[in-house]
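Notes for the one structure printed next.
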Amino acid sequence: MLTLEAVSATLANVQVLRGISVRFGRGATVAIVGRNGAGKTTLLRLMMGCMPKHTGRVIFDGHDLSSLPARGRAGLGIGYAPEDRVLFPSFSVEGNLRFPCEVIGLAQRAVDARLAETLAIVPELEAMLPRSAAALSGGQGKMVALGRAIMAGTKLVLLDEPFQGLAPVLATQYGTSLQRLIRARPELCIVITESNRSLLKNIPSETLVLERGELQRSDAATPHSH
Ligand SMILES: Nc1ncnc2c1ncn2[C@@H]1O[C@H](COP(=O)(O)OP(=O)(O)O)[C@@H](O)[C@H]1O
Ligand SMILES: [Mg+2]
């Protein structure tokens, strides 16, 4: 569904990603593990087509994402929860959840149906719906960002370090929501980055390691020598 072909990316004259070729298939839950600064956020931005300076190709469902304008990408079914969550503080939680679907012009009833499905997957959001997004704790904001990514991401959901800084109770709720999401949408591809892979428990079906700008399967990664 999503294929990266020989993708390299440079930020401020530093090569962050080197020759990455990888395929993300339907129904996979893939972890991308790497230290801070390894390039995880850069890689996710590329996967949603919003990273202009790169070589190679990013193909989603037959569309070359690098040649599509932002408007063309919005309706493709990619949901993204950035690590710094970026909610609209002047909107309610419900407004933030509905926003990406309204932007792509989805009919009201379709948005209602997606909201109902999202609340079944992340039930903690129900009580938060009328609250101002500005009034949320960091962890609550992460739950809302997950909900928003589910609202938009019917095919691909990208989660950037979702467990970082989550209190244990919220981390457990978040993990349970991911399990519900996997069950509710067996065709969905979910990509989760993390610097600390133990936080992911047994959620991913496969793990890739990002190191020095290169992506390797976890089982192929060479162990560090002492
Ligand atoms: N806007 C930017 N300008 C210059 N360098 C950047 C920028 N964003 C990130 N970098 C650098 O690119 C590298 C990869 O960053 P990032 O993708 O954010 O890694 P991660 O998400 O794994 O922590 C880091 O060395 C970081 O310092
Ligand atoms: Mg990052």
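Excluded from the calculations below are hydrogen atoms, water molecules and symmetry mates; all remaining heavy atoms, backbone and side chain alike, are included.
By the 6.0 Å contact criterion, CZ on Arg131 is enclosed, its count of non-hydrogen atoms from other residues, nucleotides or ligands being greater than 12.
The two residues Ser8 and Gly19 have their closest heavy-atom pair at OG-N, 2.8 Å. Considering all non-hydrogen atoms of both residues, Leu200 and Pro204 come closest at O-CD, 3.7 Å.
Side chains of Val169 and Tyr174 form no contact here, defined as non-hydrogen atoms less than 4.5 Å apart. Two residues are said to be in side-chain contact when any heavy atoms from C-beta on lie closer than 4.5 Å; Asn36 and Glu161 meet this criterion. In this structure the side chain of Leu43 reaches within 4.5 angstrom of the side chain of Leu17, judged on heavy atoms.
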*Which is it for Lys40 and Asp160 under the salt bridge (charged side-chain N to carboxylate O under 4.0 Å, His left out) test, yes or no, and what are the steps along the way?*
CA-CA 8 Å; Lys40 302 180 296 296; Asp160 200 0; over 6 Å; no
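Arg57 places no side-chain N or O within 3.5 Å of a backbone atom of Glu5 that could act as its donor or acceptor partner. Glu194 places a side-chain N or O within donor-acceptor distance of the main-chain N or O of Phe163, the cut-off being under 3.5 Å. In this structure, Ser205 contributes its side chain and Ala28 its backbone to no donor-acceptor pair below 3.5 Å. A donor-acceptor pair under 3.5 Å links the side-chain atoms of Ser177 to the main chain of Ile121, judged by distance alone. Remark: the backbone N or O of Met143 is not paired with any side-chain donor or acceptor of Arg148 at under 3.5 angstrom. Although no hydrogens or angles enter the test, the distance criterion places a donor-acceptor pair under 3.5 Å between the side chain of Asn196 and the main chain of Ser198. Remark: side-chain polar atoms of Asn96 are not paired, donor with acceptor, to backbone N or O of Leu87 under 3.5 angstrom.
Taking NZ from Lys155 and CD1 from Ile190, the interatomic distance works out to 16.0 Å, rounded to the nearest 0.5 Å. Between Gln173 atom CD and Arg180 atom CZ the span is 9.0 Å, to the nearest 0.5 Å.
A donor atom on one side chain and an acceptor atom on the other are not found under 3.5 Å apart for Glu206 and Ser218.
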